[in-house]
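Note sheet for the following structure.
Not measured: the values here are computed from a predicted model. Here is the naming used below: chain letters follow the sequence lines, and residue numbers restart at 1 for every chain.
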Amino acid sequence: MASNDEARRDGIPAYDAQAIEAKWQGVWEREETFKARDDSGRPKKYVLEMFPYPSGDLHMGHARNYSIGDAMARQARMRGFEVLHPMGFDAFGLPAENAAIKHNTQAASWTYQNMDTAVATMKRMGFSYDYDRLVRTCDPDYYKWGQWAFLKMWEKGLAYRATSPVNWCPSCNTVLANEQVVDGKCWRCGSVPEKRELSQWYLRITDYAQELLDDLDKLEGWPENVKAQQRNWIGRSEGAEIDFALAKEDGVTPSNRLITVFTTRPDTLYGTTFFLLPPESPLAAELVSGTEYEEAYLDLKKSVEQVSSVDRQGSEREKHGVFTGRYVINPLTEQPLPIWVADYILMDYGTGAVMGVPCGDQRDFEFARKYGLDIPPIIAQKDDPLYEELKDERELRVRNVDWDRAMAAEGYLIQSGPFTGMLGGKHSPAVDAITEYLFERCIGRKTVQFRLRDWLISRQRYWGNPIPMIHCDCCGDVPVPYEDLPVTLPDDLDLGAGETLAEYAPFYETTCPKCGKPAKRITDTMDTFTCSSWYFLRYCDPHNEEEPFSKELAKRWMPVDNYIGGIEHAILHLLYSRFWTKVMRDLGLLDFDEPFTNLLCQGMVKDANGDTMSKSKGNVVPPSSVIDPYGADTMRLAILFIAPSEKDFNWDEEVVAGANRFIKRAWRIVWGLSQTADANAALDVAKLDKQGRELFRRMHELGIRCTADFDRAQFNTAISAVMELVNDASGYLNNVAIDRRDAALTFVVARTIVSMLSPICPHWGEELYHEALGLEGSVYDEPWPEFDAEMAKAATVELAVQVMGKVRGRIDVAADASRDELERAALEAVGNLIAGKTVRKVIVVPGRLVNIVAN
RNA sequence: GUCGGAGUGGCGGAAUUGGCAGACGCGCUAGCUUGAGGUGCUAGUGACUAACUUAACGGUCGUGCGGGUUCAAGUCCCGCCUCCGACACCA
């Protein structure tokens with residue numbers, strides 16, 4: 001190419017990305033440049049990207065994720081930190097098993113092959129991982145410790161087995177955790193799960209619900225939306241439990257049997273006109289059993305079972321209900337309330353029983369309308385005529401109203417006994433007063449409900465970490481002794497023929513560790529999210545054979561300072577990891593509460609039209625399509641420059657071409673500067689000519705900006721600062737003859753450009769550091785340049801002169817000019833505009849502007 | 001419905017504490033370089049705009065919409081609109 005010929009003529013070598021990148025990748029590997037030292041005296045920085053699932057080669061999303069992390073890790077090293085920057089693979093999971101079934105091979109071979117491919121691509125991208133710490137979750141020396149943690153939780157009562165209705169995915173042939181049912185569908189395959197009554201294994205994450213919620217407030221380095229999603233998911237709700245006595249068959253005489261409801265609005269108790277149970281409720285079945293109401297009830301129950309959970313969702317759906325023929329007694333009014341079974345009531349929230357308040361709750365309102373139940377008003381706004389009419393009414397006078405929807409949730413209580421006139425609503429004085437009143441009479445109490453359910457971790461699949469439990473007919477569920485860990489996953493199942501662990505006798509046949517009789521091993525494996533809940537701890541001490549990680553090394557490296565990954569893990573992975581960390585803390589292994597100090601969720605990489613890339617759409621841009629023609633450094637630069645890290649962007653070939661243009665231009669400019677650069681020359685600012693002084697000043701100004709941008713992980717603007725410095729250096733080379741350039745200045749500017757871009761374009765940086773600047777060692781051992789705010793100050797500055805807030809002129813003044821001088825210069829500059837007017841006020845903002853108020 | 005986030009040129013996007021809106025890049029325009037340009041370099045590029053031979057200079061408007069506070073608002077306050085995301089019959 002002509003440009004290269006021309007470059008050579010100037011004594012500047014061509015930028016050959018492929019050769020340079022291969023060379024430095026070799027050097028880094030040989031020299032172990034990025035090995036994290038447990039015992040160095042430097043302060044630590046733990047930079048972590050979410051490890052990938054090895055489903056094939058890496059895609060653009062990975063490239064973006066790891067480019068962000070690598071820029072952080074490399075810059076942190078230059079800032080003097082000992083950096084832990086590890087990588088691994090979330091290697092268990094269904095795709096490997098499905099691929100093995102399809103190709104009649106073993107899941108392990110498919111997985112290890114993909115991991116090798118991915119590692120090769122990571123190395124081609126030049127990521128600065130400490131590969132000695134590579135963690136693969138399917139390695140027995142890793143999953144052994146997952147089993148160990150399970151047993152510890154079993155001992156503490158945090159792991160248990162229970163039989164309950166669970167989500168069964170018919171396509172994956174396994175159960176799913178609540179969190180893994182997304183939009184009513186399986187998170188992995190999109191099929192609609194069925195409810196099945198099964199015996200399954202759980203982790204008691206609900207024990208930590210309050211702490212998981214409270215500690216979100218500590219996470220200042222997390223994005224607001226992730227914290228909000230977790231808060232929603234945990235779903236804390238304050239309210240009261242209220243006991244209603246079941247009426248005897250006569251419908252009016254209270255029995256001894258109590259049915260408890262949960263409500264956030266005990267203040268609306270006076271407006272309760274009916275009582276609700278879900279179709280699945282055993283109590284409902286019992287109440288109608290053998291009565292004339294049983295048939296209608298069974299019909300409703302059956303129709304609900306037939307409606308999939310997707311269709312059952314959403315408030316648009318019409319509500320259905322049947323009367324049970326029985327009543328409960330309102331504990332305050334002592335009025336009987338009919339018990340209905342309704343399909344909008346959930347069995348697994350609250351107590352599984354609800355008081356119906358049709359005037360204040362839109363759902364109850366719709367239900368009451370449909371079935372002709374009374375809607376007595378018990379809450380009103382002050383400007384409502386109803387308020388005037390009933391504000392002093394303590395008894396229930398108006399039994400029904402003619403509205404078309406429920407009223408606002410907040411207002412003043414009417415027809416509400418001694419509470420009439422109080423302000424009602426969520427967390428209102430009336431709620432407190434009635435709750436207290438109920439508590440004194442032993443018919444209610446303050447309580448807190450969570451939406452969060454325990455974590456269902458058992459999966460009926462082969463390619464996962466076996467649950468280390470044995471079932472003995474005499475002794476029940478018995479843990480595998482610690483010395484027998486790991487329970488190793490067999491590698492010779494005939495997956496192609498559909499063989500499962502449950503059918504594979506060499507695995508499940510065993511003896512009871514307690515009584516020695518023949519017993520059966522549990523053949524369920526653990527949810528893969530258990531493996532990813534603590535891998536960041538294993539990186540601290542990856543080869544430990546005695547324990548999952550040593551306390552000392554966890555203390556050395558944890559918590560993760562910067563965690564980078566996709567927003568799709570906002571709930572699942574991040575919540576589970578927080579839980580696991582707290583459990584490890586309570587086991588005495590950790591001395592902190594939260595694993596990830598700062599979290600960055602990078603945006604998605606979409607195609608040029610804004611569609612998500614997918615194999616089925618055929619619009620995937622593989623990383624190799626950029627590395628092959630341009631090199632990894634261009635790719636990294638383009639990916640970080642195109643948009644802020646947390647935003648989605650559409651793939652744009654022009655941006656890649658532009659990034660390549662810049663990297664080559666910066667290459668030429670550094671080489672150009674190097675022609676006169678002398679590393680040993682002392683810089684004397686006073687001796688610099690005007691252009692030299694200005695370039696030096698700009699270097700400090702832009703360096704300060706660039707450093708701040710790295711600190712807040714805003715790489716697009718960090719790069720733009722380097723671009724500006726390259727532009728300024730280019731101007732210097734164009735305008736200052738070679739024999740008049742300052743040797744110390746050209747050196748320091750060249751080195752600064754190289755340093756500032758090296759975290760992003762590492763091979764480029766190392767090559768220039770050695771070849772153009774003639775320096776020894778690695779650019780990553782070079783400290784990040786120091787920038788000085790004093791040096792960044794200009795001798796003279798241009799200020800805007802405003803009249804009444806509009807820019808009307810400009811003045812060039814000394815940077816240290818006094819306010820009086822500025823005011824005088826400004827008044828003079830716009831003298832003709834304010835002639836004949838009275839100057840009321842002059843606002844002087846040093847370094848920025850002068851505003852004259854005159855009329 | 002609830003919770004979170006965002007609306008800035010033709011495009012991606014900049015803009016500490018209120019202080020010259022549009023940095024940087026893409027694209028586009030013109031010129032130079034070149035046998036050629038899918039290279040490089042130089043200059044220009046928010047919209048509108050009277051008088052004037054032309055141009056420079058200037059003027060008006062401009063950060064989703066409408067109000068407000070202020071010498072000064074993309075930024076603060078009040079009221080809307082639109083888009084994106086999460087959860088959703090959670091009592």
Side-chain angles (χ1 to χ4, degrees), chain A residues 1-7 182-184 223-233 235-237 239 261-265 268 276 278 312-319 342-346 348-357 360-364 366-367 449-451 567-568 570-571 638 641-644 646-650 652-659 661-662 664-665 668 702 705 708-709 712 714 716-724 726-727 730 734 798-810 840-854:
Chain A
M1 284 195 291
S3 60
N4 287 344
D5 294 343
E6 196 180 320
V182 179
D183 290 334
E224 211 43 59
N225 63 336
V226 172
K227 288 191 277 187
Q229 279 184 49
Q230 294 213 355
R231 278 191 199 102
N232 279 340
W233 190 263
R236 183 181 196 273
S237 164
V261 299
F262 170 73
T263 177
T264 56
R265 297 294 307 277
T268 62
L276 294 159
R312 206 177 155 183
Q313 274 178 13
S315 46
E316 301 306 307
R317 196 177 129 81
E318 193 182 332
K319 295 159 181 36
D343 59 358
Y344 69 99
I345 306 302
L346 304 173
D348 58 1
Y349 184 78
T351 60
V354 174
M355 60 187 214
V357 185
D361 183 289
Q362 185 59 24
R363 294 157 301 172
D364 294 344
E366 285 164 23
F367 190 77
Q449 276 294 325
F450 291 95
R451 209 188 72 110
I567 187 76
E568 66 273 18
I571 298 172
F641 182 63
I642 189 167
E646 58 290 341
K647 285 197 70 168
D648 290 355
F649 73 80
N650 298 350
D652 184 351
E653 183 58 37
E654 299 288 354
V655 171
V656 180
R661 214 176 300 149
F662 171 71
K664 288 196 288 196
R665 178 169 143 85
R668 286 193 306 271
L702 292 165
R705 235 169 67 191
D709 287 340
R712 57 190 180 134
Q714 193 160 314
N716 57 333
T717 48
I719 292 165
S720 79
V722 184
M723 286 172 166
E724 286 185 61
V726 168
N727 288 345
S730 170
N734 286 337
E798 191 189 64
L799 263 57
V801 180
Q802 298 182 331
V803 178
M804 302 298 288
K806 290 188 192 265
V807 180
R808 297 294 152 154
R810 293 178 182 282
R840 307 265 171 213
K841 203 172 171 186
V842 179
I843 290 123
V844 178
V845 185
R848 300 216 181 251
L849 51 74
V850 180
N851 189 11
I852 297 162
V853 187

Check: Counting any heavy atom closer than 4.0 Å, what does A:P223 reach on the DNA or RNA strands: base, sugar-phosphate only, or nothing?
Finding: nothing

Check: So which one's nearest nucleotide on RNA chain B is more toward 5', A:D648 or A:V845?
Finding: A:D648

Checklist line | Reported CD-to-CD1 distance for the pair A:Q230 and A:I571, which is rounded to 0.5 angstrom | finding: 7.5 Å

Next item on the list: Under a 3.5 Å limit for both distances, which nucleotide forms a Watson-Crick or G-U wobble pair with B:U29, could you say?
Entry: B:A43

Check: Do side-chain atoms of A:D364 reach the backbone of A:G356 as a donor and acceptor pair under 3.5 angstrom?
Finding: no

Notebook entry, point to check: Given atom CZ of A:R808 and atom C1' of B:G59, what is their separation to the nearest angstrom?
Noted result: 8 Å

Item checked: Base-contact (B) and sugar-phosphate-only (S) positions in nucleotides 2-10 of chain B, heavy-atom cut-off under 4.0 Å, - elsewhere -> -SSS-----

Notebook entry, point to check: Want to settle it: does A:A353 or A:L799 sit nearer the 5' end of RNA chain B, counting the closest nucleotide to each?
Noted result: A:L799

Next item on the list: Look at all strands and tell whether A:E798 reaches a base, only sugar-phosphate, or nothing, counting heavy atoms closer than 4.0 Å.
Entry: base

Next item on the list: Would you mind classifying the nucleic acid contact of A:R840 as base, sugar-phosphate or nothing, using non-hydrogen atoms under 4.0 angstrom?
Entry: nothing

Note to self: Need one value for A:Q714: base, sugar-phosphate or nothing, where a base atom within 4.0 Å counts as base even if backbone is also close, heavy atoms only.
What the structure shows: sugar-phosphate

Next item on the list: Identify whether any heavy atom of A:N734 sits under 4.0 Å from a base atom; if not, whether one sits that close to sugar-phosphate; answer base, sugar-phosphate or nothing.
Entry: sugar-phosphate

Notebook entry, point to check: Is the charged tip of A:K319 near the ring of A:F367: under 6.0 Å from the six-membered ring centre and within 45° of its axis?
Noted result: no

Checklist line | G-U wobble or Watson-Crick pairing nucleotide for B:G1 (cut-off 3.5 Å, both distances) | finding: B:C87

Note to self: At 4.0 Å (heavy atoms only), tell me whether A:Q449 reaches a base, stays on the sugar-phosphate, or touches nothing.
What the structure shows: nothing

Next item on the list: Remember a base hit wins even if backbone is also touched, and classify A:R236 as base, sugar-phosphate or nothing at under 4.0 Å, heavy atoms.
Entry: nothing

